[in-house]
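Each remark here refers to the structure printed beneath this line.
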Amino acid sequence: AEGMRWPDMQGWVLLLSIGASALAAQFALTRAFARGNTLLAVTLQYTGVLFAAGWGILLWGDVPGTASWLGMALIVVCGIASTWISSAPKRD
């Protein structure tokens with residue numbers, strides 16, 4: 001185990017890229033909360049869990065357990081439900 005070490009130039013570029021992407025995503029999410037449908041924005045925010053699991057499987061072979069798959073299924077079901085609820089005609 002090497003312990004902690006300072007990143008090299010490639011590491012700094014990657015870290016700054018991740019930081020810039022996270023900043024842009026946070027601005028987009030804040031704008032979605034202010035202007036869009038809050039229920040839909042919050043529900044779709046959790047799809048990041050699905051993408052992270054997919055990258056984990058593809059890059060590292062890290063297959064989630066049963067509870068994780070159930071949680072991801074719940075995210076998908078809630079996303080579909082919130083989309084359906086958001087697009088339903090409003091009753092007066």
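In terms of heavy atoms, W69 sits closest to V63 at NE1-CG1, 4.3 Å. Contact between T47 and I75 at its shortest, heavy atoms only, is N-CG2, 4.3 Å. The heavy-atom pair separating F33 from T38 by the smallest distance is O-OG1, 3.8 Å.
Under the 4.5 Å side-chain heavy-atom criterion for Ile, Leu, Val, Met, Phe, Trp and Tyr, I80 and L70 are members of distinct hydrophobic clusters. A continuous path of ILVMFWY side-chain contacts below 4.5 Å connects V76 to M72, so both sit in one hydrophobic cluster.
In this structure, OG on S68 lies 11.0 Å from CG on L50, to the nearest 0.5 angstrom. Atoms CG and CE, from L14 and M9 in turn, are 12.0 Å apart once rounded to the nearest 0.5 Å.
Taking Ile, Leu, Val, Met, Phe, Trp and Tyr as hydrophobic and joining them when side-chain heavy atoms fall under 4.5 Å apart, one finds W55 in a cluster with L59, W60.
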